[in-house]
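Everything on this sheet refers to the single structure shown next.
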Amino acid sequence: MTRRVLIVEDEKNIVESLTFLLKRAGFAIDAVMDGTAALQRIGDDPPDVVILDVNLPGTDGFDVLRAVRSAPATRDLPVVMLTARMQQQDRRMAEDIGATEFIAKPFSNAHVVDTVKRLIDR
Amino acid sequence: MLAPNILLFVCLSYVALLFLVAFVADRQAEARANRGHRIGWLQSPLVYTLSISIYCTAWTFYGAVGSAARSGLEFVTIYLGPTLVFIGWWWLLRKLVRIGRVHRITSIADLISSRFGKSPTLAVIVTLIAITATTPYIALQLQSVTLSYQVITGSDGLNEAATAFWAAAGMALFTILFGTRNVTANERHHGVVAAIALEALVKLFALIAVGLFAIYGFSEGLGDMFSRVSPELLRPDEVFGTRWVVLTFLAATAIICLPRQFQVTVVENVDEKHLATASWLFPLYLFLISIFVLPIAVAGLAHLPAGSNPDMFVLTLPLAADQGALATFVFIGGFSSATSMVIVAAIALSTMISNHIVMPVALRVTRSHHYTSGDVRRLLLNSRRASIAAILALGFVYYRLTDGSDGLASIGLIAFAGIAQVLPGVVGGVMWRGATRYGALSGLAAGFVLWAYMLLLPSFRAEFAGIEQIVTSGAFGIALLKPQAFLSVSIGDPLVHALFWSLSANTTLFVIVSLLTRPNPLERLQGALFVDVFRTRPGDQPQILHPTAPAEDLFVLAQRILGAEPARLLFEEIARGQGITRGLPVADHTVVARLERELGGSVGAASAHAMVAQITGGGTVSLTDLMEIADETAEILEYSQQLTQKSAELESTALQLREANAKLKTLSDQKDEFLSQVSHELRTPMTSIRSFSEILLDADSVSDDQAQRFLTIINQECLRLTALLDEILDLSVLERGEVALALEPVDAEAALDRALDSVSGMAVRGDVRIRIGARAARSDVLADFGRLTQVFLNILNNSVKYNTHPEPEITVTSRWQGDQYVVSIGDNGPGIPAEDSETVFSKFGRGSRRQETGSSGLGLPISREILRRFDGEVVLVATDRPGAQFEVRLPLLRAAVE
Amino acid sequence: MNADDRDLRRRKVTDAAIFLPLLGTFLLMPPLIRVFASNGEVAGIPVVIVYLFAIWLVLIIVAWRLAGPLRGYMQAERPRTDDPDDPPHQDSPLSNKPPGIGQ
């Protein structure tokens, strides 16, 4: 069956590039632009991997991750965090909360695709 | 009569006992001090009181009865004066003892010198007065020992000179052995004090024993005894006159000012509270000593052969009744009175001589080598030993010179009158801040000269014909200068006459010169510290660590004088006080002042000051600083106010620091936040650019349409990036105030029109409807036309970009409000929550609003910054309509308003 | 005894200490002492002697009675000394004690 990746990102150009990349790699893509929608989507039907931007309007990426990790059903859901802000701080924060992977923007396409593949194969 | 051999044996045994007591006491004190204990009985108020009783010398032991036999009750005054001083201890003694302890005063000369700016001259003068007044007194003691020895052994052929010589030599030896063990005044002479306390008991009991013997051995009790006395003995009419008052006053002065009394009362005081006990116990001692004087005198007059020397009644009365043992006891009592006085006087004088005469000379001599040669301690001790020997030698010589005359008999009171010259300086010094060094100097000098001329000189009239000449016809034959009828004023009693003139001149000059002269800073400081000793402590000085001297040099100096170990302990303590755990303390004013005080305890204030000044280089500046604190009457108040103020200042400084710190932290956080935001804003478009360009590089998998689209995105993002960089630069330049905006009168309405045109033409969101409401007329404001247009454009763009309404609409109106030009730009979008009304103006502060259109988030901060330059502002106003409404306000030019 | 009473007592005691030598001087100096310089006797002893020594003794006794409380008051204002047995000095120069009398 086709593995599903949920992209949570408020920059539509980045959503577009990620969608293109991951579709080409054979995944089914779902995309939302804010944290509230993301939590709703994950709760309804957990995807195989979530790509989560930190800087979201309203509920930010960290809040989303915290909520995901606190729910038993999604405690082990692979989450790849993306951030464009001060790298060290965000990386530490993401690790503390329990991000599976952490990728800084601007990212290498291959790195993102490889990471998602690796997490799904695991 | 007693066999000389037996007497000699008893006498020597007694002396051996004294040596033993002194030795044991010293050892015990040392051992206990080493173990950090109090020194028990040696430091009891009883021993303290008994040591004060050296006031009762052989002169009183033998002479009081003689005086009573000749002049009735007059002898009582010698004890009444001290009684009044001691029961009135709360007035003066308490203060002297406190000053002595706090300032480590070593002698009466040191007290006066220290009070008047550590003046060496004053110290020398007081020392000279003390020597002059004490030497005859010591001679008197030698005479009484010799005379009593002569009387008790009944040997007229005895070699008087030899007896006096050996007595003097023995006392010198004792004094040197036990009086010069330490240099420091606060390492007290425990051995000596113990020995003289024992002697005090011996002389008291001896006199009481004779008194009881006189009353009950010769009559049926007091009543019976007095019934046989002619009323003339008491001479009530003559006795209670001026002389009664003057003698009481003189005795009161002596108990304060005599060097030996000052030594035992102030210098040897180990605990101020002992004074409370002495305040009644010492008067009681005097009371007991004097209560038996009259009976002895009465019995002597009644039962001894006519022509007997009344001064020896105490001894001859038991001898006449063949009471050998009692006579021996009495002799030992008299011997005790003489020796204790001589020993303490020699210690006090030797301290003065070594501190105030030898040390200053040594200082001058060694000035160039700065103490590199010679141990100051050894110099001090040796000079004291030499001084003791010299003082006793002087006493002996004086005794030999006046041998056989009656001159000595009156010498006690003459000495009292001499030392009384110190009184104005002492009392004025500790009670009156205004007293100055020159006042004290001139008063002392005048008083001393007049005393020497009117009292001391005539006491030699029998020995020297020239003096007799002066006494009868005045110096140079000028009758007005007669020593006993100065200026032809006739006051019958020479003592009252001399005291009247000398003390009047002394006090008057002291006061007048003090009023006319200006004290130097050190004098004023010392004056304040002495007068207000109960309110200040010498440590009360500004706590600024200010090295004023090399600490190493001070340490070396302290080692030389205090000894290595005490110096090390002292400096460690000081360093600990400064919070320094290792090494030497910072030698600031406080440390220098403290060290001066500690050294002063060994060498006197003046010498200590001179020594330390050699190292600190005078320290005039520091003293001036200190004076700010110790100045004038409001000193304490000022000090406390300063402290309060200082602590308030400190508190406010701390608060300011905290605030500044918080601000810095906020700034730093803001800067971090800003950098983080810039990073985010730059990386976001770069992410798209990189990602799409990587996709395009992998050309195979991309269709032409897709490629076209991706290239468009890349292009958009590049433009966005450039715009962002421009804005960041623009804002930072604006914020740093580096762009000079050309301010000129411009029509704000025209700028608004230009911006509206631009927005409509941009067609970013073609469906946005722009409604133009009421508009103001031409509105001249002081601004830069381009920048003002930019402001309007930013706000309009903002309203367009964030408007998510399906039928977006922007309403623009403008009006005059007072002397302001106001533009309102409202939209029908989601609005801005109240909590974000400020955030929207901060950098990248889009609040919780996000949109997909490229916006740097710097538009509003830039607009606000620009408007600030025009004295205007942009605010978000709350309305009851949905959506956000911004208002731009600018001051209208006056011309426009009118 | 509350603080006010202690304060009052303290003032009275120090006032007495100040007054005592003045009283003694007044009683023992002329002209007052001349009043007793008559030829009267008390138990065979001339009255002036009895007067003189009695006053003297009274002064001593009063001084003795005062010394106890005064010693206590000294405690409160003792300076720092090098004596290890001394308790550390508590009050600062700013503690605004009422200034003692006779300072």
Side-chain angles (χ1 to χ4, degrees), chain B residues 36 38 73 76 80 83-92 94-95 98 101-102 186 221-227 229 231 234 236-237 239-242 244-245 248 270-273 275-277 279-281 283-284 287 290-291 294 531-537 539-540 636 639-640 643-644, chain C residues 14 16-22 24-25 28-34 36-39 41-46 48-49 52-53 56-57 59-72 74-75 77-86 89 92-94 96-97 99-103:
Chain B
R38 272 183 174 276
L73 277 173
V76 175
L80 281 186
T83 296
L84 291 174
V85 168
F86 267 80
I87 62 170
W89 63 295
W90 202 254
W91 281 92
L92 183 65
R94 187 174 66 110
K95 194 164 191 176
R98 169 64 63 86
R101 289 169 61 76
V102 169
N186 58 321
L222 276 178
D224 173 43
M225 170 174 262
F226 280 107
S227 65
V229 172
L234 300 175
D237 301 331
V239 165
F240 302 120
T242 317
W244 176 269
V245 179
T248 307
V270 288
D271 186 341
E272 285 177 26
K273 286 189 287 180
L275 199 56
T277 307
S279 73
W280 61 270
L281 193 55
L284 183 64
F287 178 86
S290 34
I291 201 161
L294 267 180
V531 174
D532 291 330
V533 71
F534 290 106
R535 277 174 285 177
T536 50
R537 282 188 297 279
D540 294 347
I636 302 307
Y639 178 55
S640 105
L643 261 191
T644 317
Chain C
T14 46
I18 295 297
F19 185 64
L20 186 63
L22 302 179
T25 308
L28 296 172
M29 291 299 118
L32 194 71
I33 196 164
R34 288 190 187 206
F36 298 90
S38 59
N39 287 334
E41 287 178 3
V42 178
I45 305 168
V48 69
I49 295 180
L52 188 65
F53 284 92
W56 195 345
L57 204 58
L59 289 176
I60 292 169
I61 290 168
V62 176
W64 170 57
R65 297 290 295 155
L66 290 175
L70 288 176
R71 187 185 294 118
M74 290 178 91
Q75 184 81 44
E77 50 177 40
R78 293 180 77 190
R80 198 189 310 276
T81 66
D82 304 330
D83 199 329
D85 290 2
D86 268 334
H89 198 78
S92 75
L94 306 181
N96 290 330
K97 294 184 295 267
I101 301 155
Q103 288 175 356

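Reckoned from all heavy atoms, side chains included, excluding hydrogens, waters and symmetry mates.
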**Prompt:** Does a side-chain heavy-atom distance below 4.5 Å link B/Leu73 with C/Val48?
**Reply:** yes
**Complete:** Given B/Trp244, B/Trp89, B/Phe86, the one with more heavy-atom pairs under 4.5 angstrom with chain C than any other is B/Trp244
**Request:** Please look at C/Ile61 and chain B and tell me whether the side chain, the backbone, both or neither of the residue comes under 4.5 angstrom of a heavy atom of that chain.
**Result:** neither
**Request:** Go through the atoms of C/Leu57 and report whether side chain, backbone, both or neither lie under 4.5 Å from a heavy atom of chain B.
**Result:** both
**Fill in**
Interatomic distance, CG@B/Leu84 vs CH2@C/Trp56, rounded to 0.5 Å, equals 9.5 Å
**B/Arg94 bridged to B/Glu272 by N-O distance under 4.0 Å** = no
**Message:** Any donor-acceptor pair under 3.5 Å linking the side-chain atoms of B/Thr277 with those of C/Arg71?
**Reply:** yes
**Request:** Please look at B/Thr83 and chain C and tell me whether the side chain, the backbone, both or neither of the residue comes under 4.5 angstrom of a heavy atom of that chain.
**Result:** side chain
